[in-house]
Amino acid sequence: GPRDAFDRMLARGDVRAGDDAQARALGALQRVFDDVVAAPTVGTAGMASIVGCYMHGGVGRGKTMLMDALFRSFESDARERVRRVHFHAFMLDAHARLFALGAASRDGCATIGEELASTTRVLCLDEIEISDVADAMVFKRVMEVYLRRGGALVGTSNSAPDGLYRGGINRAAFAPFIRTLRETCEIVDLVSVDNVDYRRVAERRGAPGDAAAAYSAPLYSQTIVFAAAEASRGQGLARRRALLTRAWDAYVQETSHAS
């Protein structure tokens with residue numbers, strides 16, 4: 001499980017012991033892992049819900065590293081039921097799917113949430129940050145359906161739940177999702193007394209690539225994804241769809257080459 005994965009990194013010197021906040025997060029992630037192993041089924045109306053985990057804190061606190069410790073702990077058969085994706089990539093996928101559904105679906109977001117629940121027991125979303133009203137409403141609706149169908153969310157963010165989409169247009173419509181998030185996820189604040197930025201520690205040590213990357217986000221096409229999300233903000237619907245579709249095509253091409 002994730003505790004074993006962390007211990008292996010500790011033995012290699014990639015991480016260090018004594019961070020109480022990380023210990024709390026590891027406890028929550030180990031519970032998620034144990035619950036999935038005990039009840040792995042996806043796509044059934046009666047499957048038991050698993051309480052997820054939402055980790056928040058400043059940069060370099062190990063959020064991505066901890067989430068990846070969970071994801072990599074699943075064996076290949078179980079990993080088919082666990083999806084790990086960057087938040088911006090997930091939203092590009094959701095917007096592209098909505099565009100493809102068009103008028104054929106009365107509630108496209110609900111359709112996406114149900115599709116997700118039918119294939120994905122645990123959704124690992126890295127770097128959840130919401131500043132766009134369309135993203136806020138789509139994410140809220142998709143996640144509400146996914147979680148209600150028994151899916152589990154494991155997320156990382158610089159923002160605490162109450163800080164998500166703060167000051168955004170029509171935030172009152174998004175606010176109920178914060179309560180849903182708190183009801184379905186264990187909230188772990190990675191702030192500690194020392195509040196060490198482990199990226200800086202790795203850089204000062206001159207750590208090798210794997211160790212230095214342990215506290216950094218994955219290297220897949222975040223530039224493409226983030227640029228598209230930024231470029232589409234405030235645009236009309238047709239322009240937004242065009243930008244997102246073009247960026248999604250580029251994202252798929254980049255990631256297929258990387259794999």
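Hydrogens, waters and symmetry mates play no part in the numbers below; they use all other heavy atoms, side chains included.
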Could you check if a side-chain atom of L123 sits within less than 4.5 angstrom of a side-chain atom of M143, using non-hydrogen atoms only? yes
Heavy-atom nearest pair, E186 first then V51, reads N-CG1, 3.8 Å
Is it true that K63 and E127 make a salt bridge, defined as a side-chain N closer than 4.0 Å to a carboxylate O? no
Kindly determine whether C124 and V82 satisfy side chain to side chain contact (heavy atoms under 4.5 Å, CB included), including the steps that lead there. CA-CA 7 Å; C124 298; V82 180; 4.1 Å; yes
Check this for me, if you would: do K140 and E144 make a salt bridge, where the nitrogen-to-carboxylate-oxygen distance has to be below 4.0 angstrom? yes
Hey, mind stepping through H88 and D135 against side chain to side chain donor-acceptor pair (under 3.5 Å) and telling me if it holds? CA-CA 9 Å; H88 284 310; D135 284 351; 5.3 Å; no
Between I169 and V133, which heavy-atom pair has the shortest distance, and what is it? O-CG2, 3.7 Å
In this structure, CZ of R72 is separated from CE of M67 (nearest 0.5 Å) by 9.5 Å
Kindly indicate whether the side chain of R3, heavy atoms from C-beta on, has any atom under 4.5 Å from the side chain of F33. no
Should M137 and D132 count as side-chain neighbours, where that means a heavy-atom distance under 4.5 Å? no
Contact check, side chains of T184 and I50, non-hydrogen atoms, under 4.5 Å: no
Looking at residues at least two apart in the chain, or sitting in another chain, which of them share a salt bridge (charged side-chain N to carboxylate O under 4.0 Å, His left out) with D162? R182
Going by an N to O cut-off under 4.0 Å, is there a salt bridge joining R31 and D35? yes
In plain terms, say whether D19 and R61 are close enough for a salt bridge, that is, a side-chain N and a carboxylate O under 4.0 Å apart. yes
Only one of Y146, F174, F87, Y165 passes ring pair (Phe, Tyr, Trp, His ring centres under 6.0 Å) with F139, and that residue is F87
Do other residues, nucleotides or ligands put more than 12 heavy atoms under 6.0 Å from the CG atom of L10? yes
Would you check if the side chain of S157 reaches a backbone N or O of S159 as a donor-acceptor pair within less than 3.5 Å? yes
Identified side-chain contact (heavy atoms from CB on, under 4.5 Å) partner of Y54 from the options I187, V188, L125: I187
Between A21 and V191, the two heavy atoms sitting closest are CB-O, 3.7 Å
Should the pair R83-D93 be classified as a salt bridge under the 4.0 Å nitrogen-to-oxygen rule? yes
Would you please name every residue forming a salt bridge (charged side-chain N to carboxylate O under 4.0 Å, His left out) with R97, sequence neighbours left out? E115
For L66 against L29, the heavy-atom pair lying closest together: O-CD1, 3.3 Å
Criterion side chain to side chain contact (heavy atoms under 4.5 Å, CB included) on F6 and Q22, from CA distance to verdict: CA-CA 10 Å; F6 187 87; Q22 287 191 353; 3.7 Å; yes
Tell me every residue that passes salt bridge (charged side-chain N to carboxylate O under 4.0 Å, His left out) with D107, counting only those two or more places apart in sequence or in another chain. R141
Roughly how far, to the nearest 0.5 Å, is the CD atom of E129 from the OG1 atom of T156? 8.5 Å
State, to 0.1 Å, how close S73 and A69 come at their nearest heavy-atom pair, and which atoms those are. OG-O, 2.5 Å
Return yes if some donor-acceptor pair links the side-chain N/O of E114 with the main-chain N/O of V145 below 3.5 Å, else return no. no
Does some side-chain heavy atom of F71 sit less than 4.5 Å from a side-chain heavy atom of V122? no
How many angstroms lie between atom CG of D20 and atom CG of L190, to the nearest 0.5 angstrom? 11.5 Å
Which pair of non-hydrogen atoms, one from R171 and one from L164, has the smallest distance, and what is that distance? NH2-O, 3.0 Å
Could you tell me if the side chain of H56 sits less than 4.5 Å from the side chain of N158, heavy atoms only? no
